[in-house]
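Below is one structure, written out as structure tokens, with a few remarks after it.
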2 protein chains.
Amino acid sequence: MVSALNNGLDYRQMLRDAGLRVTPQRASIVTILSETDDHPSVEDLYEKTRTLDDTVSVATVYRTMSVLENAGLVRKLVMDDAPARYEMMPQTDHDHLVDVESGDLVEIPGTEIAELMGRVASELGYHIVSHHTVIRARKV
Amino acid sequence: MVSALNNGLDYRQMLRDAGLRVTPQRASIVTILSETDDHPSVEDLYEKTRTLDDTVSVATVYRTMSVLENAGLVRKLVMDDAPARYEMMPQTDHDHLVDVESGDLVEIPGTEIAELMGRVASELGYHIVSHHTVIRARKV
DNA sequence: TGACAAATGCGACTAATTCGCATTAACAAG
DNA sequence: CTTGTTAATGCGAATTAGTCGCATTTGTCA
């Protein structure tokens, strides 16, 4: 899922390009987040990152996610009734659906939804900064 | 904005129809929520309701919102970084947009977004239980 | 009217996230 | 390299939205 080129060095470069200081903690956190296929919470990230670098603290994971979100490198998924989850900003845009039975988070491929929102928002004289969509659904 | 018929008695009936006990607290809370044009948080509701009935507690406002949401009478709007807000379940469906400058919550009329989501979800073998969309946007 | 389940107020509690502060370390300039 | 500046870190305390336990009250329905 992750290209062989996306190793630690690339993430370091990615941080630098965004004008962020490259600390070992940030590099570890980003590495873990990039290697993960699901959408981890801060707690998930914290635990996995500790296996790689036991100097990171939860506070730093929170701060790093916040910083990366502002830099547009990471997307935060706000859940209805559970801690937020994160993903690397996807190249292929998509939305998310929560399976109410299992709690699974399913990706909805395609950009239709975002496009429609953009269109509709511009009709009201706005342009979208970000959108937070939670679709709760059940298998048919 | 609120029809003259929607007085306290109607709300009492609405609760009864939903199979819920009609307590004075619930009647007061629903009255306040119905008379409000904006989208109040629990804190807002609590304060306004106290002016009408000083026996209500915050806990009851939380519990009432939860009960009414499950009954499909109220819609909860989950915010990114602020307490949840509520509205009476609208007869004319719409989504919401938060002006990131002012914090204002703007209603987006129309059902296009919900329809698209339903279509897209069914392609994945799901049917939507509920969806909350909050678009964060900036005036052009 | 009485019985019983459900709802309430209160305050204690939980869980997610943020913050203050002293310390450390990244980076740019020399 | 060294160094000065400034941002980032760890820690634990603080904050905040929301929930819970429990004793008491109160709708509802027979």
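Just so it is clear, the values below take in all heavy atoms, side chains as well, and ignore hydrogens, waters and symmetry mates. Below, chains carry the letters A, B, ... as their sequence lines are ordered, and counting in each starts from 1.
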For B:Arg136, give me all partners under salt bridge (charged side-chain N to carboxylate O under 4.0 Å, His left out), at least two apart in sequence or on another chain.
none
Which residue, B:Arg26 or B:Arg50, contacts DNA chain C at a nucleotide closer to its 5' end, judged by nearest heavy atom?
B:Arg26
Residues in salt bridge (charged side-chain N to carboxylate O under 4.0 Å, His left out) contact with A:Asp44, at least two apart in sequence or another chain
none
Roughly how many Å is it from CG in A:Asp53 to C1' in C:dT24, rounded to a whole number?
14 Å
Distances under 3.5 Å only, N/O to N/O: pair up the protein atoms with those of nucleotides 26-30 of chain C.
| unit_1 | atom_1 | unit_2 | atom_2 | d |
| --- | --- | --- | --- | --- |
| C:dA26 | N3 | A:Arg21 | NH1 | 3.4 |
| C:dC27 | OP1 | A:Val22 | N | 3.0 |

Are B:Tyr11 and B:Ile29 joined in one hydrophobic group, where the rule is that I, L, V, M, F, W and Y side chains link up if heavy atoms are under 4.5 Å apart?
yes
Nearest whole Å is fine: how far is D:dT9 P from A:Asp54 CG?
15 Å
Who are the side chain to side chain donor-acceptor pair (under 3.5 Å) partners of B:Ser66, not counting sequence neighbours?
none
For B:Arg50, the side chain to side chain donor-acceptor pair (under 3.5 Å) test, sequence neighbours excluded, returns none
For A:Leu45 and C:dT17, give me the distance from atom CG to atom P, rounded to whole Å.
12 Å
Whole-Å distance, A:Asp44 CG to C:dA15 P, equals 16 Å
For A:Val120, what are the other residues in its hydrophobic cluster, where any two members join if their side-chain heavy atoms are less than 4.5 angstrom apart?
A:Leu97, A:Val106, A:Ile108, A:Ile113, A:Leu116, A:Met117, A:Leu124, A:Tyr126, A:Ile128, A:Ile135, B:Leu97, B:Val106, B:Ile108, B:Ile113, B:Leu116, B:Met117, B:Val120, B:Leu124, B:Tyr126, B:Ile128, B:Ile135
Listing request: all side chain to side chain donor-acceptor pair (under 3.5 Å) pairs with a residue in residues 115-124 of chain B, at least two apart in sequence or in separate chains.
B:Thr111-B:Glu115
Ring pair (Phe, Tyr, Trp, His ring centres under 6.0 Å) partners of residues 17-73 of chain A, not counting sequence neighbours, each pair once:
A:His39-A:His96
Sequence neighbours excluded, which residues qualify as side chain to side chain donor-acceptor pair (under 3.5 Å) partners of B:Ser102?
B:Asp104
For A:Arg21, check side chain to side chain donor-acceptor pair (under 3.5 Å) against everything at least two apart and list the hits.
none
Here the residues of residues 75-84 of chain A within 4.0 Å heavy-atom distance, strictly under, of DNA chain C are A:Pro83, A:Ala84
Any residue in residues 57-68 of chain B with a heavy atom nearer than 4.0 angstrom to DNA chain C? Just list them by number, or reply none.
B:Ser57, B:Ala59, B:Thr60, B:Arg63
Tell me whether A:Glu101 is salt-bridged to A:Lys139, with the criterion being a basic N under 4.0 Å from an acidic carboxylate O.
no
